[in-house]
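In each ligand, atom 1 is the first atom listed, and ligand 1 is the first ligand listed. The figures that follow rest on heavy atoms only: side chains count, while hydrogens, waters and symmetry mates do not.
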Amino acid sequence: MAQLLDGKAYADQMLEEVRIAVEARKKDGLAPPCLAVVLVGEDPASQVYVKGKVAACAKTGIRSVERRPPSDISQSDLNLLIESLNSDPGVDGILVQLPLPKHLDSKAALHRISPAKDVDGFHPLNQGHLFEGLPGLRPCTPSACMRMLKSYGVDMKGQRALVLGRSEIVGKPMALMLLEEHATVTIAHSRTVDLPGVCREADILVAAIGKPGLVEGSWIKPGAVVVDVGINRVMDVPLGERIFVAEPGKLEKLREKGSVLCGDVRFGEAMQVAGAVTPVPGGVGPLTIAGLMMNTLEACENRGA
Ligand code: NAD
């Protein structure tokens, strides 16, 4: 049976670390860090994510401000809103919740955020710093995954690491961070030939594709460390019957409640083969929010505010 990599527990430790640092700032008479969250429109999933981020701010003592422009905001008005937060000395970090409504250009908006306040680490300048191995604000999901792997003592040096997915938010930065730890890194994606064979070579497998239960137990190298970034809502019972064979409890829940959350990896099967696995939910999701709090604290301290 694989070891469970408890992302939730490690995320709580990270939040506590941030809370202590914020408390120390307050004792020194300094203002707490401030995160500005921009939520365009009423997308229900985005509202849930923003709620989680604002709650984490409250837990750590970070101040949060929300800006909720309507879904029909123009690109130029969104740009103006971002500029106003850039020039607000009371704001340390800016987060524009994705996805944006279709008429808006997400990249153009993200590139407007001052690199010093870019707590998501998506600005090209921060991406460039990561590329060059320089310090800077780094994307929350991969950086928090790396922290957790290190906390569990996972030795990455010389190991074969496979990152499934090549997004700018997770896949690409994760690959760079693994490379920085001297892993031998492969990136696989939707055009990769023989994905099961490529997966079977991996000592460390990071799945970030958004396909429920795509990675089967038979694809996993015995003893591998598996990090499942995917968060998928499954509502289709026949699909559940295929992917939850080794997780009867989840299948039962799907039948009862009509939907369940799962990752890109078949968790029950992975637990029988791998050396260590993150669950979904309770794995990488909470780590991402904790990473955001760390980045907000870092942005504040870097600004000398
Ligand atoms: P994305 O859609 O931007 O990228 C998906 C990637 O997967 C692409 O590079 C694509 O080439 C690859 N892919 C798609 N189908 C594939 C297939 N059949 N075989 C191999 N590769 C395939 O997604 P993203 O933003 O990187 O997110 C990926 C998943 O991670 C989603 O489920 C998302 O919800 C989740 N996510 C979770 C967190 C978290 O905090 N846990 C954070 C970000 C994203």
Keeping the roles fixed (side chain from Lys117, backbone from Leu85), state whether a donor-acceptor pair exists under 3.5 Å.
yes
Could you pull out the N/O contacts under 3.5 angstrom between ligand 1 and the surrounding protein atoms?
from: ligand 1; atom 1: 9 (O); to: Arg166; atom 2: N; distance (Å): 2.8
from: ligand 1; atom 1: 11 (O); to: Ser190; atom 2: N; distance (Å): 3.2
from: ligand 1; atom 1: 11 (O); to: Ser190; atom 2: OG; distance (Å): 3.3
from: ligand 1; atom 1: 21 (N); to: Ser190; atom 2: N; distance (Å): 3.2
from: ligand 1; atom 1: 26 (O); to: Ser167; atom 2: OG; distance (Å): 2.5
from: ligand 1; atom 1: 32 (O); to: Ile231; atom 2: N; distance (Å): 3.1
from: ligand 1; atom 1: 32 (O); to: Ile231; atom 2: O; distance (Å): 3.4
from: ligand 1; atom 1: 40 (O); to: Thr288; atom 2: OG1; distance (Å): 2.6
from: ligand 1; atom 1: 41 (N); to: Val229; atom 2: O; distance (Å): 3.3

Suppose we screen for side chain to side chain donor-acceptor pair (under 3.5 Å). Which residues come up paired with Asn232, at least two apart in sequence or across chains?
Asp264
In residues 190-197, what donor-acceptor pairs under 3.5 Å come from side-chain atoms, sequence neighbours left out?
from: Thr192; atom 1: OG1; to: His189; atom 2: N; distance (Å): 2.7
from: Thr192; atom 1: OG1; to: His189; atom 2: O; distance (Å): 3.2
from: Asp194; atom 1: OD1; to: Gly197; atom 2: N; distance (Å): 3.0

Which residues share a side chain to side chain donor-acceptor pair (under 3.5 Å) with Lys59, sequence neighbours left out:
none
Has the side chain of Gln3 got a donor or acceptor atom that lies under 3.5 Å from a matching backbone atom of Ala276?
no
Whether Arg138 and Glu180 form a salt bridge (side-chain N of Lys/Arg under 4.0 Å from carboxylate O of Asp/Glu) is what I want to check.
yes
